[in-house]
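Structure first, then comments.
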Amino acid sequence: MKYPPINKSLFINNRNKFLDRMKSKSVAFFNSNDLYPVSADTTLPFEQHRDIFYLSGINQEESVLLLLKNNNDTEEILFLKKPNELLTHWEGEKLSVKKAFTISGIKKVHWLEDLEKITKKIFRSVENIYINTNEHYRAKVVVETREDRFIRWVQKNYPNKNIEKSNPILQRLRAIKSPIEIKLIKKACEITEKGFRRVLNFVKPGVWEYEIEAEFSHEFLKNRSRKFAYQPIIASGKNSNILHYIENNKQCNEGEIILLDVGAEYANYGSDMTRTIPVSGRFSEKQKSVYNSVLHVKNEATKLLKPGILWKEHYNEVGKIMTSELLKLGLLRKSDVQNQTKENPAFKKYFTHGVSHNLGLDVHDYGDLDIPITKNMVFTVEPGIYIQKENFGIRLEDDVVVQQNGDPINLMESIPIEIEEIEFLMNSK
Ligand code: GLY
Ligand code: MN
Ligand code: MN
């Protein structure tokens, strides 16, 4: 891996928290992702399943983690692909038992070839089997994962066991970040900042969106990020009104703005930033007034992320602030607001997506949205105003950590966002 070792106490604590929430006489299992095929012998680059990573720090394909609980006795077993000379020659060194322990703190490490033998013995002695299904509120998965195949095998061979789900436990655990995780997310934000500062220096009329993408990529790879945390959105002119614009293939013209929704990955953790900048280095008056409204909403929305508030309540409160900005901008009339309904508030004409999502190992990270927000949850704050008839949209997005008392900590505090600073940096090459 590109990043320096992570303190294994992170993974040991994560397993202990999961084991605490398991019923007695139970086993839980977690699989690596498959290497997804493209065609012929081509595969996509390996992406570890975030749950097995969260519980072990193991980044290798074909790994399986088993957690067992019987009253106060617990056991952790890791299964790994057995290294051999040929594999080492083609792909490099695979994890040894010792190295796997150093990363994860797991003492019992077996080779994958023993998985069936060992699990058969274990599964017979337990009452409950925790399966790890994908229950994310935005997930739309049509392919069968390695985890799904394992679940199928378990259900076929042990039809009389009680089935429990790991996902509700993980949704709650992964939503609350430890100090080590916050540092890793902060590091991803710092790499994103380097990319953004490079881009401020680079953008001028005539550049192409993909050239800007390349500048970010250069800075990310140079700083031990493996890649973008998600498909980057480099959207100039009217493309800024397309929420998930990822073509990045238009030339940027004088007078247009560019919406940059870009974040670096670091050690499997994501960052998620949006900045909107003028191609020419100077915003127009109209762009400035919309920009400052969005910035105001973002700052107020951040302050509202306090322990106790529900995600949905937060959205509704931010909606009120957005409504007042849209009235000030003359984009909404009083009558629009008077005629709005609860299901269809007037602000949705210009602000068409959510305000905040959990951020962590996944960009749209785990988090049970029906439980109140608590300290050490990491959220994005990302209001936007999209004006189709003006051919531009503005969104601003920071990543913040909820505090027990006081305002959230902004992990993107030092990434330029005020109009004066953006213009200054773009004009001081
Ligand atoms: N970049 C994806 C998002 O902002 O949610
Ligand atoms: Mn984003
Ligand atoms: Mn986001």
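Order of listing sets the numbers, starting from 1, for every ligand and every atom in it. Side chains included, hydrogens not; waters and symmetry mates left out as well; all remaining heavy atoms used. Because the structure is predicted, anything quoted here is derived from the model rather than measured.
- For the 3.5 Å distance criterion, the side chains of N358 and Y366 fail to qualify, holding no donor opposite an acceptor.
- Protein atoms that are N, O or S and lie under 2.8 Å from the Mn ion (ligand 3) are these: D272 OD2, H357 NE2, E382 OE2, E397 OE2.
- Figure legend: R224 and Y3 shown without cation-pi pairing, the cationic atom not lying both under 6.0 angstrom from the six-membered ring centre and within 45 degrees of its axis.
- The pair K186-D399 does not count as a salt bridge, with every side-chain nitrogen at least 4.0 angstrom from each carboxylate oxygen.
- Both tests pass for K8 against the ring of F101: distance under 6.0 Å to the centre and angle within 45° of the axis.
- Ring geometry for F220 versus F228: interplanar angle over 60°, hence perpendicular rather than tilted (30 to 60°).
- The side chain of D272, and not its backbone, has at least one atom closer than 4.0 Å to an atom of ligand 1 (non-hydrogen atoms only; side chain from C-beta on).
- Residue H364 places a heavy atom under 4.0 Å from ligand 1.
- Interface of E397 with ligand 1, defined as ligand atoms under 4.0 Å from a residue heavy atom, comprises 4 (O).
- Under a cutoff of 6.0 Å and an axis angle of 45°, K288 and F283 do not form a cation-pi pair.
- Classification of the F150-W153 ring pair by plane angle, with boundaries at 30° and 60°, yields tilted.
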